[in-house]
Structure formats: structure tokens, C-alpha cells
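Chain identifiers are assigned alphabetically (A, B, ...) following the order of the sequence lines, protein sequences preceding nucleic acid strands; residue numbering begins at 1 within each chain. Note that these values count all heavy atoms, side chains included, but never hydrogens, waters or copies made by symmetry.
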Amino acid sequence: MRPVYIEELGQHVGSEVLIQGWLYNKRSSGKVRFVLVRDGTGLVQGVVTPTADPAAFALADSLPQEASLRMGGTVRAEPRAPGGFEVAVTHLEPVHIPTAPFPIGLKEHGPGFLMDHRHLWIRSRRQTPILRLRDAVLWAIRSFFHERGFVATEAPVLVGTAVEGTTTLFPLDYFGTPAYLSQSGQLYLEATCAALGKVYWIGPVFRAEKSKTRRHLTEFWMAEAEQAFLDHEGNLALQEDLVRYVVESVVAERPRDLGELERDPSLLRREVAEPFARVTYHEAVALVQAAGVAMEVGDDFGAPAEDALSQHFGRPVFVERFPAAIKPFYMKRDPVRPDLALCADLIAPEGYGEIIGGSQRVDREEELLAQLREAGLPEEPYRWYLDLRRWGAVPHSGFGLGVERTVQWIAGIPHIREAIPFPRTLDRLYP
RNA sequence: UCCCCGGUAGCUCAGUUGGCAGAGCAGCCGGCUGUUAACCGGCGGGCCGGAGGUUCGAGUCCUCCCCGGGGAGCCA
């Protein structure tokens with residue numbers, strides 16, 4: 001019998017196949033046993049009767065949840081079966097029989113218990129489609145940049161200095177020298193974009209902030225891009241093209257996973273169908289205030305303010321030209337309004353929050369020095385970064401996209417911890 | 001760091017005015033020839049988060065502590 005994956009069963013109706021996987025659940029009725037087997041690509045029901053194979057029938061009774069097994073039989077179309085196909089079992093063989101009951105039952109569990117068993121929870125029917133969607137998002141990002149001629153290059157994760165002096169970093173001892181886990185690869189991408197023109201990387205970044213919310217992780221993945229000779233306007237166009245490309249690719253390639261999560265693909269399509277909304281920081285503050293959320297000019301947007309904006313537009317919205325005072329030192333000032341930064345945040349629809357932060361970067365050494373001093377940062381650790389403005393400085397822009405928040409939005413899941421296989425949060429380092 | 005909610009069987013929870021510790025699921029035993037988180041009958045299963053206090057009597061009331069969840073701030 002030929003080993004096949006469950007997602008390919010439709011091509012094998014009428015023939016004998018071998019499924020290799022794990023027992024998800026079993027049911028029985030008189031002299032019929034139903035074994036639900038999953039193999040990572042899907043879930044299929046095997047039907048076992050005592051006449052077809054007495055040994056398999058007895059085994060089907062005794063196998064516990066998550067036993068690994070090989071199941072052979074004939075594929076047939078069956079409207080009553082989950083997935084539309086089932087296997088008439090003629091062969092059932094355990095690979096490993098669990099030594100204790102599987103902790104994750106089919107009934108409800110609390111979040112604390114599930115997080116303690118994340119290594120087993122990821123096998124469940126809701127978690128596997130989310131992780132497949134994450135894969136689709138990452139592939140879409142890579143293929144978008146590849147098609148556009150961007151070079152995949154890497155930023156270091158171990159760094160000696162903060163990217164933005166403000167954010168809290170995870171400190172570590174680097175052979176006696178203080179070092180940190182990187183919170184962004186951006187500064188390094190600015191160096192590689194001067195070598196390669198258009199660059200991107202996708203990698204883990206770390207924030208030691210004591211955030212305790214459904215949209216924060218201490219370790220998360222960013223997709224960052226940097227392009228030489230790209231200005232603020234071009235930067236926004238690039239971001240919009242990327243986000244639309246990712247949503248459309250995932251919706252086209254993964255309808256089954258979206259369906260299992262009861263996420264409406266047409267809603268996602270509608271959200272990216274039109275050009276993204278675009279407001280200035282000051283317009284956004286006025287909109288937020290009009291929506292009844294307390295906020296003043298000079299404040300950054302909190303979660304309620306982002307929700308108000310995302311509700312107002314019903315599609316992704318760029319908020320651009322923030323006051324430079326509340327943004328990092330490396331952002332270029334608006335030549336017309338030097339108190340504003342040439343930057344933008346992209347807010348996802350449906351309250352999923354900020355998914356992109358980007359800006360045009362300072363390209364003159366004296367300007368960068370002034371802004372470093374203004375931010376109260378030392379010059380010495382940034383010497384290499386200042387060097388980039390000494391030899392062939394060009395206008396350049398870039399941005400960082402939060403991978404988990406993008407997955408959260410596309411998959412339509414309420415908590416970010418389900419958008420990554422092993423989430424790291426404020427008080428969770430296990431498993 | 002701050003605010004709110006919670007901690008009772010392996011899991012999810014109920015527990016009245018302070019008066020014998022409960023259910024469903026999971027496990028084990030039995031039944032049922034098309035189940036859909038199957039269903040039906042039976043059995044075993046408890047440091048009621050911890051410490052102290054009030055009381056004849058505390059899962060229940062009070063104080064402190066520990067742990068978990070949600071949110072704020074900050075950010076992607």
C-alpha cells in the first residue's frame with residue numbers, strides 16, 4: 001500500500017492507500033469503529049468493522065488518543081465523513097502507544113493549562129491551521145521581496161547598542177562585555193542597503209518591556225526592508241504593495257485553513273481591495289478625539305485610539321508625519337515642517353493594531369549627530385552608523401512588519417500567543 | 001509598575017445564609033452495525049493555592065503571601 005497524505009486523498013478514491021499519523025479521536029456504534037487520524041496535512045476518518053479485519057477492530061477499541069499508527073484501506077467518497085472522504089480500513093498497525101492519557105482533551109481547557117502544554121497543544125485542530133497560515137505569510141513576504149529584486153540579507157541578533165535608546169533590551173554577558181539581544185535589524189539594513197541597493201530580512205527580535213496584553217510578545221519576528229534612493233512616498237507604496245500581496249496570496253493559497261478557523265476570506269479581500277486609507281498624525285488625533293477616546297496632540301496612539309482608527313476606516317490605514325519628538329532619532333524630518341518626522345505607522349483593520357512602522361532615514365551626518373544629541377544618546381557606539389553618512393549618503397527608507405500581528409489579523413485570532421509555535425511572554429519561558 | 005478577575009478531582013467548572021465535597025469530560029469495566037466534541041449503564045478519583053485569624057463549626061468571612069488570566073502604559 002502506498003503512503004499518502006490526507007490532503008491528497010481526493011486523488012486516490014477507489015484505490016488502496018496507507019495513512020501514517022496520529023489518532024485524533026475515535027467513536028463507535030455497535031459493530032463499527034470510527035478512527036479519526038491526523039497526519040499534519042488534514043484529518044480523515046477510518047471505518048473499521050470486525051468482518052474486514054478482526055485484529056484491527058480489536059485494536060481500534062484499545063488505541064488511546066494520540067497513538068501513532070499506520071492505517072491502510074480503500075479510499076471512498078462519503079458525504080457523512082468529515083472532509084468528504086473516508087478509508088475503509090483493512091490494516092491497522094500501532095507505531096507507538098501512549099504511556100499515559102493525552103493531557104489535551106477534546107473539551108475546553110483554560111489558557112494557563114494550554115500554555116503549559118504548548119508542545120502538545122500545537123497538535124490540536126485549531127492550532128495547526130494557524131501555523132500553516134504563518135508559513136504562508138512568511139513565504140508570501142519572501143516571494144514578494146524576491147520578485148521585486150530585494151536581496152535577503154541578515155542583521156545580527158547579538159548587538160552592542162540599542163537601536164532606539166528608549167526601548168528596554170535584554171542584557172547579556174558577551175565574554176565580559178555588556179551586550180543585548182537585538183530589538184530591530186534596521187540600523188544594519190541601512191548599511192547593507194548601501195551595499196546591495198534593496199535588502200530585507202526576516203528574523204527574531206526581542207523586547208524586554210513588561211507588556212501584558214494580547215498583542216505583545218517578548219520574542220517576535222519582524223520582516224524588515226530597506227531601499228536606497230527610496231523616499232517617504234515610495235516607502236508607503238512599497239508597504240501597501242507588500243501587505244496587499246501577502247493577504248491576497250494567503251487567501252488564494254490557504255482557503256482550507258482559513259475555513260477551519262471560520263475566517264471569512266472575502267472580508268480579507270475587501271479590506272485590501274481599495275487603496276489603503278491615509279491620514280496625518282494630526283488628522284488621526286482629531287478622528288480619535290471625535291470618536292470619544294481621550295488623547296492629545298503629542299501623545300502616541302494607545303490601543304483604544306488604534307481601535308477607533310481601525311473601526312473608522314475598515315481597511316488598513318497609514319498614520320504619517322508624527323511629531324519628531326515622540327519618534328526615534330534616525331527618522332528624517334519633514335523639510336516643510338521640521339517638527340514632524342517623515343514616518344508612518346500602518347494600522348490593521350478590525351482592531352489588530354499597528355503592523356508596520358517605517359520612515360525615511362536621516363541621510364546627512366550633521367543632521368544625524370544633532371538628532372543623536374537631542375535624544376541624549378552617546379555618539380561613540382553609533383560611529384559605524386554615522387559612517388554610512390560619510391561615504392555616499394543617499395536618501396533611503398525602510399520599515400518593519402510585525403509577522404505575528406499580521407498572522408493574527410489574517411487568521412482572525414484574538415491572542416498573539418497563538419500566532420507563533422512557542423510564544424515568549426512576560427512570565428512564560430516554558431515550554 | 002498599576003488596575004480588574006480568578007485558583008475546588010488529571011481537565012472544565014458548580015458549590016445556597018458558615019452546617020456530610022459535587023457534575024461533565026478524561027481513565028477503567030460493560031452495551032449499541034454510520035458515529036460527527038457520538039450516546040447509554042457502572043466504578044475509582046480531593047492538602048478546596050499557601051500561612052495566619054474569626055467561629056461550636058470555614059471551600060464559603062477577614063488579613064497577608066504565591067500563582068494564573070485580562071487590561072493599561074510601551075511598542076511591531
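Judged by Watson-Crick or G-U wobble contacts below 3.5 Å, the nucleotide B/rC32 has no partner. When both pairing distances are held under 3.5 Å, B/rC47 makes no Watson-Crick or G-U pair with any nucleotide shown.
Aromatic rings of A/F113 and A/H117 (six-membered ring for Trp) have centroids within the 6.0 Å cut-off, being under it.
At a cut-off of 3.5 Å, with distance as the only test, no side-chain donor of A/Q311 or A/D307 sits close to an acceptor on the other residue.
Spacing between atom CG of A/D116 and atom P of B/rG7 amounts to 17 Å, rounded to whole angstrom units. Going from atom CZ of A/R417 over to atom P of B/rG70 covers 4 Å, rounded to whole Å.
Side-chain atoms of A/T406 and A/Y352, non-hydrogen and from C-beta on, never get closer than 4.5 Å to each other.
Look at A/H415 and you'll find a side-chain N or O under 4.0 angstrom from OP1 or OP2 of B/rG70. A/R33 has no side-chain polar atom (N or O) that falls below the 4.0 Å cut-off from OP1 or OP2 of B/rC32.
Judged by atom type and distance alone, A/R215 does not reach the base of B/rC74 through any side-chain donor-acceptor pair under 3.5 Å. Between the base of B/rC74 and the side chain of A/S211 there is a donor-acceptor pair shorter than 3.5 Å. With hydrogens and angles ignored, no donor-acceptor pair under 3.5 angstrom links the side chain of A/Q65 to the base of B/rG27. One N or O donor and one acceptor, one from the side chain of A/H216 and one from the base of B/rC75, sit under 3.5 Å apart.
Minimum atom distance to the side chain of A/K212 is reached by B/rG69, of the listed B/rG34, B/rC74, B/rG69. Side-chain atoms of A/R405 lie closest to B/rA76 of the nucleotides B/rG34, B/rU12, B/rA76. Listed nucleotides B/rA37, B/rA76, B/rG73 differ in distance to A/K210; the shortest reach to its side chain belongs to B/rG73. The side chain of A/P304 lies closest to B/rA72, out of B/rA37, B/rA72, B/rA76. The side chain of A/E78 approaches B/rG34 more closely than any other nucleotide in the set B/rG34, B/rC75, B/rG70. Listed nucleotides B/rU1, B/rG34, B/rC75 differ in distance to A/R207; the shortest reach to its side chain belongs to B/rC75.
Using a 4.0 Å heavy-atom criterion, one finds that A/R76 contacts the bases of the nucleic acid, with or without backbone contacts as well.
A salt bridge links A/E374 to A/R333: one of the charged nitrogens lies within less than 4.0 Å of a carboxylate oxygen. Ion pairing of A/D334 with A/R337 is absent here, as no side-chain N (NZ or NE/NH1/NH2) approaches a carboxylate O to less than 4.0 Å.
Taking the P atom of each, B/rA26 and B/rA21 are spaced 27 Å apart, rounded to whole Å.
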